[in-house]
Amino acid sequence: MTFTQEKTLADRVRQDFPILHQEINGKPLIYLDNAATSQKPLFVLDKIRNYYEHYNANVHRGAHSLSAKATDAYEAARDKVTQFVNASSRQEIVFTRNATEAINLVAYSWGMNNLQPEDEIILSVMEHHSNIIPWQLIAQKTGAVLKYVELTSEETFDLEQFQKLLSDKTKLVSVVHVSNTLGCINPVTEICQLAHKKGAKVLIDACQSVPHMPVDVQEIDCDWLVASGHKMCAPTGIGFLYGKLANLQAMPPFMGGGEMIADVFLEYSTYAELPAKFEAGTPAIAEAIALGAAVDYLSNIGMDKIYAYESELTGYLFKQLEKIPELKIYGPKPNINGYGRAALASFTTGEVHPNDLSTLLDNEGVAIRSGHHCTQPLHRILDAPGTARASLSFYNTREEIDIFIQALIDTLDFFSSMVS
Ligand code: C6P
């Protein structure tokens with residue numbers, strides 16, 4: 001770097017991620033599979049080690065000092081998440097294993113107790129399987145009916161068709177904020193307004209938005225919102241459910257066991273106040289503390305800065321991908337400077353199967369994902385059995401995109417020379 005060049009966000013943070021500084025198959029690692037899971041900074045890794053080295057103990061149970069310290073750190077993590085998504089109270093944040101578990105919690109606790117035969121649940125065709133299957137299971141048990149919002153010609157959420165689907169029968173709308181395949185950013189605030197007018201509740205799957213842009217649950221005015229820690233610089237095994245207090249208060253427990261009770265008698269039990277009511281059993285303590293650290297790390301950079309940097313990088317990625325004529329890229333095009341689209345691109349090439357592409361790129365040190373990305377119904381609509389997907393994070397650079405693009409061009413050239 002010359003002294004005239006300004007340091008980018010990635011230049012400043014890359015040293016925080018030891019995993020990025022290694023070779024894969026003799027080439028520097030270029031990690032472009034961030035939508036599957038993000039890498040973890042030293043700041044987060046240190047917090048996990050520190051917990052196990054210095055105050056490993058169960059939470060909410062012991063009166064001893066280590067337990068008190070672990071409980072404080074675990075509950076402090078909840079405060080951090082509360083602030084991060086601007087929930088109005090710490091009672092509105094329930095720790096879960098991941099977003100999938102959070103959706104299942106709402107489906108079983110709220111869905112089983114509030115849905116009747118003929119009631120309608122609106123999902124969209126771009127949902128991850130985690131936001132389809134729980135509702136299919138609940139619909140089978142309750143007799144509720146699933147309806148799907150389709151795609152516009154630009155492969156975005158069809159708000160007009162959504163409005164036509166909404167009716168007095170609609171009891172729930174459960175939709176993704178940012179599609180993990182199309183990269184579109186859905187108009188969740190408007191979706192909530194429209195659904196609420198019909199008296200329906202709204203769950204937002206924010207797995208691919210919370211790690212990449214400011215997300216404010218009060219501004220969106222959703223009833224529930226879910227996310228996974230591992231996509232936002234925290235470890236696996238921790239995620240969270242946000243729920244409006246009144247919703248969570250009205251919902252019965254999802255799982256029973258220790259931690260979630262007030263009093264247990266042989267005949268019946270009473271339950272703890274929120275959020276403990278939904279956290280049965282020993283929780284993922286180190287993981288929750290690490291999620292708190294990840295939130296600190298991301299907040300310290302600033303989610304608005306992360307979104308701005310990733311948007312610019314997305315614009316660059318698209319500009320480079322669009323130079324390769326054989327590629328079909330799915331989802332909407334980014335607008336000026338890459339804004340309005342999440343930092344990922346799913347694509348197919350005429351000749352090369354996405355899995356082969358991913359394997360050959362791995363030989364060049366480039367990690368991308370291939371397959372259906374757990375959006376099989378969407379891939380059927382796109383008429384693509386699978387896609388290749390490059391997904392970015394704030395620690396990726398333009399130079400990495402250049403190497404990825406060159407490796408992609410070389411791979412496609414190699415294939416066409418084999419065919420001709
Ligand atoms: N998408 C991807 O590569 P869990 O497994 O619970 O942490 O996250 C599930 C999930 C739910 N919704 C969306 C929009 C998602 O993207 C994901 C996870 C990964 O795209 C793994 S399939």
Side-chain angles (χ1 to χ4, degrees), residues 31-40 81 94-108 123-137 148-149 151 155-157 173-186 188 191 202-213 215 220 222 224-242 254 284 287-288 290-291 294 310 330-331 341-347 354-355 358 367-379 382 384 386-393:
Y31 186 77
L32 302 179
D33 195 16
N34 294 285
T37 200
S38 71
Q39 297 304 346
K40 327 298 175 200
V81 175
V94 175
F95 285 132
T96 59
R97 215 154 38 97
N98 46 37
T100 303
E101 188 178 88
I103 297 172
N104 277 274
L105 191 164
V106 178
Y108 281 88
L123 311 175
S124 82
V125 294
M126 69 176 83
E127 298 310 313
H128 188 278
H129 297 167
S130 296
N131 197 26
I132 297 179
I133 297 162
W135 302 115
Q136 286 178 344
L137 292 169
Y148 288 93
V149 180
L151 303 183
E155 295 175 343
T156 59
F157 185 94
V173 175
S174 189
V175 289
V176 72
H177 191 178
V178 168
S179 161
N180 70 331
T181 306
L182 299 171
C184 52
I185 303 173
N186 293 332
V188 285
I191 290 170
V202 186
L203 184 150
I204 301 297
D205 172 358
C207 259
Q208 301 290 353
S209 57
V210 165
H212 301 283
M213 60 190 68
V215 169
I220 296 171
C222 49
W224 301 280
L225 179 138
V226 304
S228 281
H230 69 91
K231 294 185 198 291
M232 50 189 287
C233 294
T236 51
I238 189 76
F240 67 89
L241 165 70
Y242 155 80
F254 171 43
E287 290 81 355
L291 174 60
E310 289 185 4
Y330 297 90
R341 197 198 199 282
L344 64 89
S346 300
F347 56 90
N355 292 350
S358 166
I368 62 160
R369 186 170 172 189
S370 64
H372 55 60
H373 319 308
C374 298
T375 56
Q376 257 184 340
L378 173 63
H379 275 80
L382 298 175
T387 51
R389 183 187 68 187
S391 54
L392 309 175
S393 184

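Order of listing sets the numbers, starting from 1, for every ligand and every atom in it. For the single chain, residues carry numbers from 1 onward in sequence order. Note that the structure is a prediction, hence the values are computed from the model and not measured.
Although no hydrogens or angles enter the test, the distance criterion places no donor-acceptor pair under 3.5 Å between the side chain of S228 and the main chain of H230. In this structure, the side chain of N34 engages the main chain of S391 through a donor-acceptor pair within 3.5 Å.
In this structure, a donor-acceptor pair under 3.5 Å is present between the side chains of S370 and N355. Checked by atom type, the side-chain pair T375/T181 shows a donor-acceptor distance below 3.5 Å.
For ligand 1, the protein residues within 4.0 angstrom (heavy atoms only) are A35, A36, N98, A99, T100, H128, S130, V176, N180, D205, C207, Q208, S228, H230, K231, R369, C374, R389.
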Would you please test H212 and H177 for ring pair (Phe, Tyr, Trp, His ring centres under 6.0 Å) and show each step? CA-CA 11 Å; H212 301 283; H177 191 178; over 10 Å; no

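Residues V81 and F95 are in side-chain contact: their nearest non-hydrogen atoms beyond the backbone lie under 4.5 Å apart.
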